[in-house]
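Source: prediction; values computed, not measured. Note that the numbering runs from 1 along the sequence shown for the chain.
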Amino acid sequence: MRTAMAVALTVLLAAAAVSNPTRDPSFQHPVIKGHGGIVLLPGTAHPPKPDSKVVLDITSDELSGKILKGFDRAALMLNLYSQAGAGTDNGLKMAIILHGPATKAALSDDAFAKHSQPYAKNQGATKNPNLDVIRELTEAGVEVFVCGQALAHHGYGTDEVADEVSVAVSAATANINLQTDGYAYIPFHS
């Protein structure tokens with residue numbers, strides 16, 4: 001009898017493990033390929049809603065692979081909303097603001113190389129590793145801004161900013177304006 005119960009319990013636990021998408025995740029990338037992998041979780045609380053607005057405030061230069069961790073999180077959010085039918089084609093408005101140590105991610109390849117340390121250049125840091133994901137995000141309808149004040153504080157010219165990135169007067173004014181327009185604020189400071 002104990003053996004039969006043990007077998008039944010083992011089968012139930014195994015079935016629960018198989019049906020639990022977070023225990024053995026299968027990551028999907030519906031819009032931004034290779035970044036922001038998501039796991040489908042049907043029937044869970046707070047699914048993405050159409051017509052949402054979010055501003056991602058990225059100051060950290062912490063990496064996820066070769067790109068800023070904040071960009072990976074932005075890709076995750078866009079992938080989540082798009083998979084749920086609430087992406088930019090269904091009213092999602094997403095803006096990213098770069099400032100502080102994250103400012104360098106807004107630079108063109110040439111400017112990125114110019115402002116890299118000699119050893120980083122020696123190790124191949126001649127291209128901005130963030131530009132591909134920035135392009136994918138902007139092509140999907142995400143706006144990317146860089147703080148003009150941070151550019152000045154870091155010694156980067158406005159003419160050194162990648163074409164896909166808009167220069168804002170400041171991160172503070174961009175945050176205030178977007179939040180006044182109803183955008184939810186999500187900080188990525190580490």
For the side chain of [X] and the backbone of [Y], is there at least one donor-acceptor N/O pair under 3.5 Å apart?
X	Y	value
Asn128	Leu107	yes
Thr88	Ala140	yes
Glu136	Lys33	yes
Asn79	His35	yes

Return the minimal non-hydrogen interatomic distance between [X] and [Y], and the atom names on each side.
X	Y	result
Pro48	Leu80	CG-O, 3.8 Å
Ser60	Ala102	O-CB, 3.5 Å
Gly148	Val167	CA-CG1, 3.8 Å
Ala95	Leu178	CB-CD1, 3.7 Å
Leu76	Gly37	CD1-O, 3.6 Å
Thr103	Gly100	OG1-O, 2.7 Å

Exercise for the section: Output yes when Glu160 and Lys114 qualify as a salt bridge under the 4.0 Å nitrogen-oxygen rule, no when they do not. Expected result: yes
Practice task
Using a strict 4.0 Å threshold on nitrogen-to-oxygen distance, state whether Asp72 and Lys69 make a salt bridge.
Solution key: no
Please answer: with hydrophobic residues joined when any side-chain heavy atoms are less than 4.5 Å apart, are [X] and [Y] in the same cluster?
X	Y	result
Leu131	Ile58	yes
Leu68	Val146	yes
Met94	Val55	no
Phe145	Ile67	no
Tyr185	Tyr81	no

Nearest 0.5 Å, what's the [atom1]-[atom2] distance between [X] and [Y]?
X	Y	atom1	atom2	answer
Leu41	Thr22	CG	OG1	6.5 Å
Phe112	Tyr156	CZ	OH	8.5 Å
Thr59	Phe188	OG1	CZ	10.5 Å
Leu63	Asn130	CG	CG	7.5 Å
Arg73	Leu78	CZ	CG	14.5 Å

Pairwise side-chain contact, [X] with [Y], heavy-atom cut-off 4.5 Å (strictly under):
X	Y	answer
Phe71	Ile134	yes
Glu62	Pro101	no
Gln149	Ser170	yes
Leu56	Met77	yes

Handout entry: Between Asn90 and Asp51: side-chain donor-acceptor atoms closer than 3.5 Å
Key =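 Judged by distance alone, the side chains do not pair up.
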Exercise for the section: Examine the side chains of Asp110 and Ser108 and answer whether a donor and an acceptor come within less than 3.5 Å of each other. Expected result: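 Note: Asp110 and Ser108 side chains miss the donor-acceptor criterion.
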Handout entry: Within 6.0 Å of NZ in Lys93, more than 12 heavy atoms from elsewhere
Key =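 Open: at most 12 neighbouring heavy atoms sit under 6.0 Å from NZ of Lys93.
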Practice task
Please check if atom NZ in Lys49 has more than 12 non-hydrogen atoms from other residues, nucleotides or ligands closer than 6.0 Å.
Solution key: no
Handout entry: Residues Thr138, Glu143; criterion side chain to side chain contact (heavy atoms under 4.5 Å, CB included); working and verdict
Key = CA-CA 6 Å; Thr138 58; Glu143 295 181 289; over 6 Å; no
